[in-house]
Every structure is written in structure tokens, then in C-alpha cells.
Amino acid sequence: MSDKKKAKTDKKKLVVRIVCLFLAILMVGGVAYSIIASLSMNCEAQTGTDYVRCGLSYGSSAQSAFTLSSGTGFELGTVDDGYNFSAFLSIPETSIRLSCQSGDVSMPSSIAVQKTDKTLIYGNPSGYLYIRAKNPSNTNCIQYNSNKYTGIFRISRNGSSLCVVNVLPIEEYVKGVLPYEVYTSWPKETLKAFSVVVRSYTVCSVNRHSSYDFDLCSTTHCQVYKGRNLVNNAVENAVNETAGKVIKYNGKTVAAYYSDSTGGCTVSANNTWGSSSAYNYLKAIPTPWERYSERSRGSWVTVYSPSELYTQLHNKGYFSAATGKVASVEITEFCENSSYVYSVLVKSEAGESVTISRADKVRSAFGLYSANFVCGKGGETVYRTEFKLNGSDVSKPLYILTKNGKFSNLEKAVTAITSSGVKSCEKGGSVRVLTAYGEFDYESVSKNDVPANPTLKDYFNGSYSSVKTLVKLQGSNGSFVFDGRGWGHGVGFSQWGMYDLANLGASYSEIITAYLSNVTIGNY
């Protein structure tokens with residue numbers, strides 16, 4: 001999924017528009033064919049939350065002609081304000097061609113429905129053309145661009161191209177999103193949680209593409225939707241078992257944002273997009289259960305030479321000269337309660353200075369997978385903030401490997417190499433040491449140790465503290481190194497984190513409330 005813009009909608013709002021159609025018989029070039037002439041260019045109601053209008057092809061992706069297939073043939077029809085379909089023409093052909101190309105149509109606003117040999121079946125003079133598979137079902141679908149779709153196809157003309165919109169019930173739309181945003185083999189509770197997340201985002205995105213008169217597109221700009229191809233029993237069950245469920249904050253359905261992984265913590269919507277208090281449910285939280293380092297781009301390093309970084313920032317509009325070199329990069333502020341970067345100061349060798357603020361702008365400016373990073377010159381050592389799960393009933397001593405063997409902090413004394421040199425810690429003393437879990441005061445480790453195998457209870461009932469860990473930046477001397485975690489904007493849910501929680505035994509409702517603050521699950 002790509003970064004999402006905020007949208008709100010009233011519950012089940014339907015704005016009814018006049019539908020008025022009549023039959024006529026025209027003779028064109030000696031060929032008689034039926035035309036239903038629409039008195040309105042938009043002969044349907046604006047969708048509410050029961051149906052979704054998803055744009056499949058529009059704008060630059062639209063074509064002047066394309067083919068549809070269905071094993072049972074097709075029906076042309078009209079719709080009422082609830083998208084109830086009334087057929088007026090049955091087409092036995094299992095493959096048809098739609099075109100607005102010159103030679104196929106007689107008027108600048110018309111659409112031709114043809115057999116594959118271009119024999120005319122029906123001509124639509126203007127307005128929307130509605131098509132569905134004959135005897136439609138989950139298996140009797142329309143095939144378009146190698147994907148199979150349920151519901152109704154709404155075809156309209158925009159100049160020399162045809163806009164294709166799939167109109168279908170919201171639950172069917174959710175089923176067509178799930179397999180392309182998460183894996184269908186994931187745990188059932190993850191799929192159920194994600195069904196609620198997708199449904200909530202959908203309900204809040206009515207008319208997001210109002211300029212094209214549909215709700216959501218089928219790409220990462222909104223949510224990836226490709227119909228029925230990958231829908232299996234796991235998807236069907238997850239959506240059906242959560243049917244109608246959405247996430248609510250202060251009694252209103254909310255947009256539930258998500259990204260691939262967040263890298264140990266999330267970031268607030270306010271620090272990312274400058275959102276209002278209405279999005280206070282999207283706060284920064286620690287996510288120590290997320291096994292991000294095991295995933296593609298969960299941990300990453302991006303390296304720029306000084307001239308490459310200057311060009312990157314110039315192309316984003318931050319430096320005026322066409323060429324140059326970056327002299328320094330300094331993180332001046334982190335996001336609240338998060339390891340995501342809020343503000344960066346960059347200076348060029350020519351003396352230019354720019355400050356980039358807000359996590360989404362920082363990520364975009366530097367061309368990074370996320371704004372959860374530390375940076376510096378190659379070979380430098382810098383501190384990274386991490387969030388540690390504090391002690392629980394399941395504790396273990398910390399062990400340090402020394403030249404004389406393996407010792408624990410419960411022994412009489414341990415000698416360790418620290419940032420200040422070799423230090424000896426007698427019982428009751430204190431020394432700062434760096435471990436796989438972060439930097440600790442050695443004498444207190446046994447009291448605040450991380451559980452050997454944290455359970456769901458540990459994560460949900462435990463407390464967290466931030467610690468500093470040392471990171472040596474891997475890159476050539478003089479290069480600028482960005483050492484980061486997570487993939488995406490980092491607001492709301494981590495898809496892989498939802499997977500990890502389910503594997504720990506979390507229910508779909510626990511997964512949702514683990515990531516969002518003060519929300520409930522209810523019906524839309």
C-alpha cells in the first residue's frame with residue numbers, strides 16, 4: 001500500500017439522481033440497432049457505504065477499446081439509486097469488445113458494444129453503460145485485463161478513452177483487496193483484523209476520486225484491488241465473520257491506515273501529515289512484537305555520495321542550483337515518542353541550508369523506505385533509539401562473554417568493554433554495557449531484563465522504556481549513510497506486525513486495539 005490522504009463520510013448517505021431512459025430505433029449505415037438514450041449523463045445514485053465504486057481504468061490508464069469475457073455471456077441494463085440492476089438486453093457472446101474508436105461509433109459521445117469481429121451489438125449514445133455477467137455469481141464473473149470481477153461494470157466515455165468502474169457490495173470489495181495487501185496464508189485472526197481495517201478505510205473514502213465520479217482507485221494510492229482471482233476460503237471466512245465491522249473513535253468510523261512494517265514503533269499522524277486532533281487514535285506506540293528484521297526492507301541501508309544526495313534534494317525542490325554537493329546532514333528532531341525523524345537540517349558545500357520537517361516529507365525528500373532512520377557519514381558510530389519491554393515475571397540474567405568465559409550479572413563480578421573502556425562491575429556496583437536488547441546499567445539488569453520469550457500477556461500488560469543503542473554506519477568514508485527500519489509511512493498498523501501478533505495468540509480485536517488508541521469495534 002502507498003501513503004493515504006484523509007477522508008470522512010456520513011453514514012450510509014445516498015444522494016439520488018434522476019434516472020430516465022427510453023428506447024429508440026435508429027438506422028445507421030443500413031444497420032438497425034437499439035439505443036437507450038439517457039436524459040442524464042449520470043444516471044445513478046452516489047454510493048454510500050453499501051456499495052463501492054472502484055476505478056479500474058481512468059485518466060492515463062484508460063483505453064479507447066478493450067475486451068470483456070464471461071463464460072455465461074452478458075447483460076446490459078439500468079440501475080436504480082441502490083445499484084439494483086435491471087437487464088434490458090441479453091448478449092449470448094462470451095467475449096465482447098467495447099470501443100469509442102473512430103469507425104466504431106457514429107457520435108463523439110457514443111460507445112459501441114461489439115462482437116469480437118466488430119459486428120455491432122448495441123450502441124450507447126451518451127452517459128453510462130452498465131454491464132454484468134449473465135447469471136452472475138462468485139464464479140460467473142467478468143474478466144477484464146486478466147482479472148475476474150463480480151458486480152457491475154460501469155463504462156463511460158471521456159474524450160477518446162473509456163473509463164471502467166467496478167460497482168459492487170462493500171463486502172465483495174473487501175474480499176478483492178485482502179489477497180493483494182496481505183498473504184491469504186496468514187493466520188485467521190490477521191485476516192479478520194485486516195478485513196476490519198480495509199472496511200474502515202473504505203467507508204471513510206467515499207468519493208475520494210470524485211473528479212472521476214468514483215470512490216477508490218484499484219492501486220496503492222487507495223487500496224490494491226484486483227477482484228476474485230486470489231480469493232480463497234480463508235479470505236471468504238475472514239470477511240464474512242467480520243461483516244459490517246469497522247473501527248470507531250468517539251463514535252465515528254475512522255480511516256485505518258497501514259504500511260508494510262514500522263520497525264519497532266509507529267509514528268503519529270500529526271507528526272507525519274500534520275493531522276488534526278480528530279486523528280488522535282493514530283498515536284506513536286512501541287511495537288516490540290514486530291519481527292521486522294526478518295522481512296524484506298524491514299531493515300535497510302541507503303547510501304548517497306555528496307553529489308548524489310544534492311541531486312536527490314534538488315529534484316525534490318530543496319536546493320536551487322542544478323549541481324552541487326551536500327556538506328552535512330543533521331537530525332534536529334525526532335517525532336514524539338518515536339524513532340521516526342521529524343526534522344533534518346541539510347547544508348550544501350556552497351553554503352545553502354534547508355530544513356525538512358514532518359516525517360512524510362523527510363521520507364520523500366531523501367527517497368527512503370521510511371522515516372525511521374539514523375544517519376551520518378560512512379564509518380561513523382551514532383545512537384539509535386529503541387523501545388524496550390520492561391521486566392516481567394519471566395526474567396533471566398544477562399550474560400556477558402569475556403575472555404575468561406561466560407558470566408552473568410548474578411556472579412560476584414563481571415568485567416566488560418564499555419564505551420568508556422574496560423570496566424569491572426562488582427556486586428552492588430554499576431556499569432553501562434551494550435547488549436542485543438539495548439544499553440543497560442549493568443547492576444540493574446536483573447530487575448529490568450527483557451523476558452527470554454515474551455508472551456502476548458507480557459506485551460499487552462508490560463511497560464516500555466526507550467534506550468540508546470550504538471550503530472556503526474556501513475558505507476565508504478565521505479558518503480552519507482541512512483540506516484533505517486520499516487517500510488512505509490509508519491502510521492497506524494504494521495501489516496507484518498499484525499501477522500506477528502496473531503502468531504502470539506492475539507484475536508483480531510486485540511490486534512486492532514494494540515495499534516490504535518482508544519478505539520472500539522462496531523458496525524458501520
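In this chain, residues are counted from 1 in sequence order. Any value given below was found using the heavy atoms of this structure, including those in side chains, with hydrogens, waters and symmetry copies removed. Computed from a predicted model, the values in this text were never measured in an experiment.
Applying the salt bridge (charged side-chain N to carboxylate O under 4.0 Å, His left out) rule to pairs touching residues 261-282 yields nothing, sequence neighbours excluded. Listed by first and then second residue, the salt bridge (charged side-chain N to carboxylate O under 4.0 Å, His left out) pairs involving residues 512-524 amount to none (not counting sequence neighbours). For residues 127-151, every residue pair satisfying the salt bridge (charged side-chain N to carboxylate O under 4.0 Å, His left out) rule, not counting sequence neighbours, is listed here: Glu75-Arg132. Applying the side chain to side chain donor-acceptor pair (under 3.5 Å) definition to pairs two or more places apart or across chains, those involving residues 164-174 are Asn166-Tyr225, Glu171-Arg199, Glu172-Lys175, Glu172-Arg228, Tyr173-Gln223. A ring-ring contact (aromatic ring centres under 6.0 Å, His included) check over residues 94-115, counting only residues at least two apart or in different chains, returns nothing.
Scanning for salt bridge (charged side-chain N to carboxylate O under 4.0 Å, His left out) contacts around Arg297 gives an empty result, with sequence neighbours left out. Scored by the side chain to side chain contact (heavy atoms under 4.5 Å, CB included) test, Ser299 finds Tyr292, Ser293, Arg485 as partners (sequence neighbours excluded). Remark: Cys100 pairs with Ser64, Arg157, Leu162 by the side chain to side chain contact (heavy atoms under 4.5 Å, CB included) rule, at least two apart or across chains. Gln63 is linked by a side chain to side chain contact (heavy atoms under 4.5 Å, CB included) to Phe66, Tyr144, Asn145, counting only residues two or more places apart in sequence or in another chain. By the salt bridge (charged side-chain N to carboxylate O under 4.0 Å, His left out) test, Lys188 pairs with Glu241, sequence neighbours left out. Residues passing the salt bridge (charged side-chain N to carboxylate O under 4.0 Å, His left out) test with Lys115, sequence neighbours excluded: Glu93. Residues passing the side chain to side chain contact (heavy atoms under 4.5 Å, CB included) test with Glu510, sequence neighbours excluded: Leu456, Phe460, Ala506, Ser507.
Between Asp215 and Arg53 a salt bridge is recorded (basic side-chain N to carboxylate O distance below 4.0 Å).
The neighbour count for Asn229 CG, taken as heavy atoms of other residues, nucleotides or ligands under 6.0 Å away, is above 12.
Using a 3.5 Å distance cut-off with no hydrogens or angles, the side chains of Asp458 and Thr455 do pair a donor with an acceptor. Side-chain contact annotation: Thr119 with Asp117, donor-acceptor N/O pair under 3.5 Å present.
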